[in-house]
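Here is the structure we will look at, set down as structure tokens.
First the proteins, then the strands, lettered A, B, ... as listed; each starts at 1. Bear in mind that the values here come from a model prediction, so they are computed numbers and not experimental data.
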Amino acid sequence: MTIELYDYVLSANCYKVRLLLSLLEVDHELRTVDFHPAREHRSEAFRRINPMGHIPVLVDDDVVLRDAHAILVYLAAAHDPTGRWYPTTDARVLGEMGQWVSFAEALMSSASAARLHVNLGYDLDVEAARRDAHALFRVLDDHLWFQEKAGRTWLCSPEHPTIADIAVFPDVVLSEEGGVSRLEYPAIRRWCDRVKAVPGFDVMPGVFGLGMS
Amino acid sequence: MSPTVSPGELDERAGVDPVARGLWHPLVAVHDLRRGQQGSAVLLGVRLDYTMAGDGSVSVCRSDDHDDRRPVQIAYEIVWTCLDEPATPLFETPEALETDRRIVHAGTIGVHVSAPRAVENFLDMAHFPYVHTDILGAEPFTEVEEYSVHVDPDTNEVWATDCVFWQPVAATTSTEGQMTDYRYRVPHPYCVVLYKTTPVDPDRFDVIALFCRPIAPDRIEAHMFLALLDADNSDADIRRFQLTIFGQDKPILENQFPKELPLDPRVETPIRADKVAIAYRRWLSDLGITHGVIPAA
Ligand SMILES: N[C@@H](CCC(=O)N[C@@H](CS)C(=O)NCC(=O)O)C(=O)O
Ligand SMILES: [Fe+2]
């Protein structure tokens, strides 16, 4: 059975999953959910798949999973023979990945919220969301700068990217759409380019590959 | 839909363009209205409230003066309104009334750019291979061939005709690449309609339109309206295709500088592919539009 992803093309959370599927070269089928205006994710039929009424949802045989970050963990554990995207043997790395996945959650209520306000008119305090996003970007930029000084390329200690990078990347790279500039964060900009250079990298509307940004 | 502009961003000065105030503008997609519910949106710096009554009728008034009711009409799956008394009727598109077409409002997206910049980008074929790579264009087919431009003397609309471009995936109905014929039409300073070859019928054209609600001189809400010959794809798949394209344009639009469109022909040096852009800018000048542009000195 092919993996199915319930998906909306402009959703950053769905993009996280599409990106990892592409990096892992896993065959899959996209099931487009008519998010707006039909609000299909809130329909009774879709709630049988995910009672929370959110996308993305991944279906792999008898495994049905909601929540982008849970899906990243699952995909890496189940479909990455190299074990590099979600290394489970080193306690420190496990902790680091959990930390940056939590950070990605915080981006959803800040950078991502600002983008939803601008793009789709979500009613929220956009100035507060932008302020929170900048505070997080400051933390991220500092961290990446120290990583570079320590000879490291990615969010966590290993010499290769992990699901932490995939969880954090979309809301960061789409931040300008929400009016959150990355001009002041050179280490973040360099890291975004490194993510784009990973073999198998995939774009989404609003995200360009290297050489076109 | 809730406001895309916070109260602090409201700018009444935006509403002083008398030409723009006399035009019909798209306010909100019909599918975003619920019976008995009220919403609000900013048009030319002026906040308006809209309501769909229990019987489905829609009314619009100024938020700061509920006695000031604005004219309303429904067209292209959208509620249109006007800040003054409409100086001209809303343009018509006969294809949108053909009963065998798929009529789809593909989405409403806020964009941090002026309406004329968005219209001009929509008129430009040269960006297809670079921005819509492997969909609306692909290298090495980057050349924009000679095409014709005229202003229709009867309707005062700008037309670009005889445009052709090689496209890997021209539409949701595509099964292979094709040479696509395009005709572009600008019937309104902030609205643009294109007609393109459909893979399913050699004698007819798919119709794709971009209607912009000018919120502020550098901010719009874009409505995408489709009247397609496509019996097979779901609304969700048709919207996905269109949102993919528009999502690719969005960062390009938002990085335009200046965000307002300069009408002085000496300000941005045109290239051949810009022939329709030059005509559009001159036409805006002749109309006397000042909102969303930097008028020629
Ligand atoms: N925690 C979930 C949240 C996903 C989520 O919020 N998805 C949005 C689209 S990006 C959604 O489905 N929203 C539905 C709604 O808010 O009505 C995850 O990470 O997947
Ligand atoms: Fe485009």
Could you tell me which non-hydrogen atom of B:I220 sits nearest to which non-hydrogen atom of B:P214, and how far apart they are? CG2-CA, 4.3 Å

Heavy-atom pair of closest approach, residues A:R182 and A:V172: NH1-O, 2.8 Å

Side chain of B:R35, backbone of B:G54: donor and acceptor closer than 3.5 Å? yes

I'd like to know if the side chain of B:Y76 reaches the main chain of B:T93, judged simply by a donor and an acceptor atom lying under 3.5 Å from each other, with no hydrogens or angles considered. yes

is_close_aromatic([X], [Y]), centroid dist under 6.0 Å:
| X | Y | result |
| --- | --- | --- |
| B:Y190 | B:F211 | no |
| B:F241 | B:F246 | no |
| A:H160 | A:W85 | no |

So A:H41 and A:Y6, do their side chains get closer than 4.5 Å, heavy atoms only? no

In the structure I gave you, are the side-chain heavy atoms of B:L226 and B:R102 within less than 4.5 Å of one another anywhere? no

Can you list the residues of residues 231-239 of chain B that sit under 4.5 Å from chain A, counting heavy atoms only? B:D235, B:A236, B:D237, B:R239

Relative to chain A, which of B:P251, B:A106, B:G107, B:A29 shows the most heavy atom pairs under 4.5 Å? B:P251

When B:H31, B:Q248, B:K250, B:R240 are compared by non-hydrogen pairs under 4.5 Å with chain A, the top option: B:R240

For a quick check under 3.5 Å, do B:T172 and B:D230 share a side-chain donor-acceptor pair by atom type? yes

Which of residues 20-33 of chain A have a heavy atom under 4.5 Å from any heavy atom of chain B? A:L30, A:T32

Between B:V72 and B:V79, does a side chain to side chain contact (heavy atoms under 4.5 Å, CB included) hold up when you go through it step by step? CA-CA 7 Å; B:V72 171; B:V79 176; 4.0 Å; yes

Chain B shares the most heavy-atom pairs under 4.5 Å, among A:D7, A:L10, A:D34, with A:D34

